[in-house]
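Following: one structure in structure tokens, then a few remarks.
Residue numbers start from 1 in every chain, and the chains themselves are labelled A, B, ... in the order their sequence lines are given, proteins ahead of strands.
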Amino acid sequence: MTTRPARTDDPITPEPPAPAPVDRRIERYDAASVEPRWQATWEDLRLYHTDLHDPDRPPFYLLTMYPYPSGDLHIGHWYIKTPTDAIARFHRMHGENVFLPIGFDSFGLPAENAAIKNKVNPRDWTMRNIEKMRRQLRSMGATFDWDAEVVTADPEYYRWNQWFFLRFLEAGLAERRMSPVDWCPNDGTLAREQVEGVDRHCWRCGAPVQKRDLEQWFLKITKYADELLDFTGLDWPEPVKVAQTNWIGRSEGAEIVFTTTADQHQPGGDELRVFTTRPDTLFGATFIVLAPEHPLVDRLTHPAQRAAVETYVTQARRRTEIERLSTDRDKTGVAIGAHAINPVNGERVPIWIADYVLSTYGTGAIMAVPAHDERDFAFAAKFGLPIRQVIAPASVEAPAPDAPMSEAYVAHADDDVLVNSARFSGFPAPEGARAIVLWLEDQGNATFTVTYRLRDWLISRQRYWGTPIPVVYCERDGIVPVPDDRLPVLLPDHVDYQGSGVNPLTRDAAFVNTTCPKCGEPARAETDTMDTFIDSSWYWFRYLSPHKADGAVDRVLDERWGPVDQYTGGAEHAVMHLLYSRFFTKALADLGIVREREPFRRLFNQGQILGSDGERMSKSRGNVQDPDELVKRYGADTVRLFLMFMGPWDQGGPWSPTGIGGVARFLNRVWTLALDPHGVEPGDAEAGHLPAGQDYAAADRTMRMAAHRTVRIVTEEYEGFRWNTMVAHLMELANALMRYRGTEAASAPAYDEAVRLLLLMLAPAAPHITEELWSRRLAAAGEPWRSIHTERWPAYDESAVAAEEREVPIQVNGKVRDKVTVPAGISDVELEQIVLARERIRELLAGRTPDRVILAGGGRLVNVVVR
RNA sequence: GCCGAAGUGGCGGAACAGGCAGACGCGUCGGUCUCAAACACCGAUGGCCGCAAGGUCGUGCGGGUUCAAGUCCCGCCUUCGGCACCA
């Protein structure tokens, strides 16, 4: 590949910064002066601006989760982003055209909270933070392509959120429905984090939180539930796939129709559809439970029960879903005083409501089978409802219908059969389930169905700082989409919060009062804004053409660059962000806007850096670690390398700077090896002499072998993101070379080659010091400057890595007792002879003949077994 | 409760695919350099016994398979992360 610096739009006139002349007494590595100098040079040369149309090199799209501009770049950001930068540099050295963009996820609650609390403008607050974080991000020395930067709070970005919304609306993928929110009379809708305490009060005014039903917008992600379960072709961590699969929660079963009976207060005949995964237990259904929110509750409730029911419904609505679903709680519920007919046996069963049944799952109604469901069992036991066993292993005698049970029989034995189930008795359980549904289906009382835990995506937010939803409400025309040519619907720059959490857009007359695009009459603008997960569901498409004015996505570039080759970011986004992004991509593909149906081919979740107290870093805990101080003291390269060296990347852990000195020492050692090969250290008695028994040629071979073996292993470690062992192996190589420094072998070509390889291998991880040393080597050799980061990644020399001899550990009865050095190509027979002839082994055998001699792993180890 | 990940020296961690446990680094101890200190460099460093050679124990706990187990199997314990009565 080219040895010129990466392509830029400008003609290249590399003006290498004049390297300091190499003194006899060499200076130590001074990061504070070297690093900013190279960062400025890279920027001047536009070294990391990616030419997305480059016809020659294969594209590699590397994406890292864009940060929220909280205003502080902490050590956790470095932990994600600097190894990602090393990936970029590694791929670039393989001749790939790497695109590593960056941007800011700049809408959201924190800006608004700051606005309410400190009376600052959310936009000013956000933009100030972005400014600060840009500076901090640059101090990493990462190769972000800043030309591609995306700021989601810019109209240039969010107008396309609105455009997508309109396309979804046309395609029937967006719809408006009632949905409850947590509500405070003073501060309006509350996010989960704004509800505090067990008594659930408002974070600002302390008022008790209420539930309130609002008309809100949904995106129909459930339409894609089945496709989202398919991860074919994705190289993703298994736990993420498992988490998404559970989140979608597909279950197969049937809907069964129960019909309400008449009484003196209502005519009956209402259909109650229940969802069950166990139609085989239908004969054991002894009551019905509805979610308290079920639409028929009001209509069916008997007057005598009305007061109790209403109290219960109010209570249930005040509980969080987590509370309602908590297993620790006692079962609660109320009979509503109505009944329904079990279609399978005509039995009249009572209808209850209970908060353990959710209106959002299935049909919001269940048939309770206490004999075969633990929750129903607990409920029946508490309220004295009948329990009837209808499933039992064929191997035991069928129990009587009313035989007492101490617990629900839920376990699936292979020989489970239906019992007490009329003509279905004796059917094996799975066949029984099928037969019952088929039979009921004929009468119109059942259908096979699939239900998902996944719910449609509620995107409406009653907040200012987000993308306005582009619809208008007209007296005459109803819900009217804003036409494309009127986009973007601009967020006003200044709003008055009046010290309250209520969405200030609702009070902004200029925003709210608009005209209907259809009839031209006065109309009301939608004041809800979009969930910020919308922003992050397509930002990587926009990076390809951030300023494109006539479309959201550049289709040509999408064809060329999509899907993202590698995505890096935290595991906390395992479900929501990654699932929404997959949904968006599929929907956009169906709308013909993008080509691919999956956004991220390969995903890596790095671990999380915790505070030194082992807790998640947060401002409120005061355990946020600022890297600036460390960077000032040790330099960016040292901090980068230290973060990589700490442990496996997917592990994370509590932050502690202990040990960073070791990494700094290593970089200084590299500096010394490269610039002062002939110096000697006073502390080393052996300094200046080759290791005992080695001549110049042996030293040469040893150095070559060490360097090339390191290339072999380190290349694999870069590919697998195993940074900690990668750094360890580079340290080993440096230590090995250190042994030859100051000896005659330091003049050998092998020494110089080893230093060259060491620098190349270190370059992606520690880009500044290697660039500096590289420039000095070139200058010393009288060659023109070129960046080390445009060099090719080294290949190892097969002949150099092969050893002539190897050491074989010898075990007797599985314990290492001896070692022997043998020629590399030795045969098994010869090896065995040598081993058995060893004095130490003969001693241990004491005249006995070995039972077996095992040569393990092609003679890597010998085990002599004697009993 | 369910799902997922993990438990290895004083500490962070290493160990391909069952084959020398503890790579690399920190810390500690000893040394060289220095008037001295810092820096740098060299050496030692799992526990116990031993002057040494060497022995012995040792990867959360208890069993097992194997010539050989940190690694595989069975049964537990602990920690972290996620999910939450999903019918």
Within less than 4.0 Å of OP1 or OP2 of B:A40, is there a side-chain N or O belonging to A:Arg665?
-> yes
Nucleotide nearest A:Pro809 (side chain, heavy atoms from C-beta), chosen from B:C67, B:C24, B:C20 | B:C20
Centres of the A:Phe533 and A:Trp457 rings: under 6.0 Å?
-> no
Distance between the C1' atoms of B:C16 and B:C26, in whole angstroms?
-> 27 Å
Could you measure between the two P atoms, the one in B:A6 and the one in B:C72, and give it in whole Å?
-> 10 Å
Does atom CZ of A:Arg434 have more than 12 heavy-atom neighbours, drawn from other residues, nucleotides or ligands, at distances under 6.0 Å?
-> no
Watson-Crick/G-U partner (both atom distances under 3.5 Å) of B:C2 = B:G82
Kindly point out which of B:C3, B:C20, B:A84 is positioned nearest to the side chain of A:Leu861?
-> B:C20
Please check the phosphate of B:A69 (OP1 and OP2 only) for any side-chain N or O of A:Lys815 closer than 4.0 Å.
-> no
Atom pair distance, as rounded to whole Å: CE in A:Met726 and C1' in B:A15 | 19 Å
Any donor-acceptor N/O pair, A:Glu832 side chain to A:Ile834 backbone, under 3.5 Å | no
Please determine if a side-chain N or O atom of A:Gln811 lies less than 4.0 Å away from the OP1 or OP2 oxygen of B:C67.
-> no
Describe the nucleic acid contact of A:Gln608 in one word from base, sugar-phosphate, nothing, applying a heavy-atom distance below 4.0 Å.
-> nothing
Have a look at A:Asn724 and say if it touches a base, only the backbone sugar-phosphate, or nothing, with a 4.0 Å heavy-atom cut-off.
-> sugar-phosphate
Donor-acceptor pair between A:Glu255 and A:Thr447 side chains, under 3.5 angstrom | no
Remember a base hit wins even if backbone is also touched, and classify A:Thr451 as base, sugar-phosphate or nothing at under 4.0 Å, heavy atoms.
-> nothing
Do you see a donor-acceptor pair shorter than 3.5 Å between the side chains of A:Asn735 and A:Arg669?
-> yes
Determine the interatomic distance between P on B:G64 and the same-named atom on B:A17; round to the nearest Å.
-> 28 Å
Axial cation check for A:Trp236 ring with A:Arg582, 6.0 Å and 45° limits = yes
Selected nucleotide, minimal atom distance to A:Arg453 side chain, candidates B:C16, B:C86, B:G13 | B:C86
So does A:Tyr361 get a side-chain nitrogen or oxygen closer than 4.0 Å to the phosphate oxygens (OP1/OP2) of B:A87?
-> yes
Given that both distances must come in under 3.5 Å, which nucleotide forms a Watson-Crick or G-U wobble pair with B:G25?
-> B:C11
A:Thr277 side chain: which of B:A84, B:A87, B:A68 is closest?
-> B:A87
Which of B:C41, B:A87, B:G25 is nearest the side chain of A:Phe645? It is B:G25
Given atom CD of A:Glu832 and atom C1' of B:C67, what is their separation to the nearest angstrom?
-> 13 Å
Would you mind pulling out the nucleotide paired to B:U32, Watson-Crick or G-U wobble, both distances under 3.5 Å?
-> B:A40
Nearest-nucleotide pick for A:Ala728, side chain only, options being B:C20, B:A23, B:A84 = B:A23
Interatomic distance, A:Asn605 CG vs B:A6 P [rounded to whole Å] = 14 Å
Between B:A68 and A:Arg852, is there an OP1 or OP2 to side-chain N/O distance shorter than 4.0 Å?
-> no
Given that both distances must come in under 3.5 Å, which nucleotide forms a Watson-Crick or G-U wobble pair with B:G62?
-> B:C74
Just call it for A:Asp650: base, sugar-phosphate, or nothing, with non-hydrogen atoms closer than 4.0 Å on any strand.
-> nothing
Expressed as a whole number of Å, how far does the C1' atom of B:G19 sit from that of B:C74?
-> 24 Å
Separation of the C1' atoms in B:A84 and B:C77, to the nearest angstrom | 24 Å
Rounding to the closest angstrom, what is the interatomic distance between B:G4 and B:C57 at atom P?
-> 37 Å
Are OP1 or OP2 of B:C20 and a side-chain N or O of A:Arg817 less than 4.0 angstrom apart?
-> no
For B:G30, is chi within 90° of 0 (syn) or not (anti)?
-> anti
To the side chain of A:Ile854, which of B:A87, B:C24, B:C67 is closest?
-> B:C67
Interatomic distance where OH belongs to A:Tyr634 and C1' belongs to B:C39 [whole Å] = 13 Å
Between A:Gly662 and A:Asn813, whichever has its closest RNA chain B nucleotide further toward 5' is A:Gly662
Whichever of A:Met646 and A:Gly659 has the more 5' nearest nucleotide on RNA chain B, that residue is A:Met646
A:Thr725 side-chain N/O to B:A23 phosphate OP1/OP2 under 4.0 Å | no
Centroid-centroid under 6.0 Å between A:Tyr740 and A:Tyr751 rings = no
Provide the distance between the two P atoms, one in B:A14 and one in B:C24, to the nearest whole Å.
-> 14 Å
Of all the choices, B:G19, B:C26, B:C86, which nucleotide is nearest to the side chain of A:Thr658 once you look at every atom?
-> B:C26
Do A:Thr710 and A:Leu757 have side chains that get closer than 4.5 Å, going by heavy atoms?
-> no
Looking at the side chain of A:Ser251, which of B:C3, B:A23, B:A87 is the nearest nucleotide?
-> B:A87
Name the nucleic acid region contacted by A:Arg840, choosing base, sugar-phosphate or nothing; use a 4.0 angstrom heavy-atom cut-off, strictly under.
-> sugar-phosphate
Would you give the length of the straight line joining atom CG of A:Leu296 to atom CG of A:Leu290, rounded to the nearest 0.5 angstrom?
-> 7.5 Å
Looking only at side-chain atoms of A:Ile366, point me to the closest of B:C24, B:G19, B:A87.
-> B:A87
May I ask you to verify if any side-chain N or O of A:Asn246 is less than 4.0 angstrom from the OP1 or OP2 atom of B:G4?
-> no
Rounding to the closest angstrom, what is the interatomic distance between B:C11 and B:C48 at atom C1'?
-> 22 Å
A:Phe666 CZ to B:C26 C1': how many Å, rounded?
-> 16 Å
Whole-Å distance separating the OH atom of A:Tyr452 from the P atom of B:A87 = 13 Å
Taking CZ from A:Arg669 and C1' from B:C39, how many angstroms apart are they, rounded to a whole number?
-> 14 Å
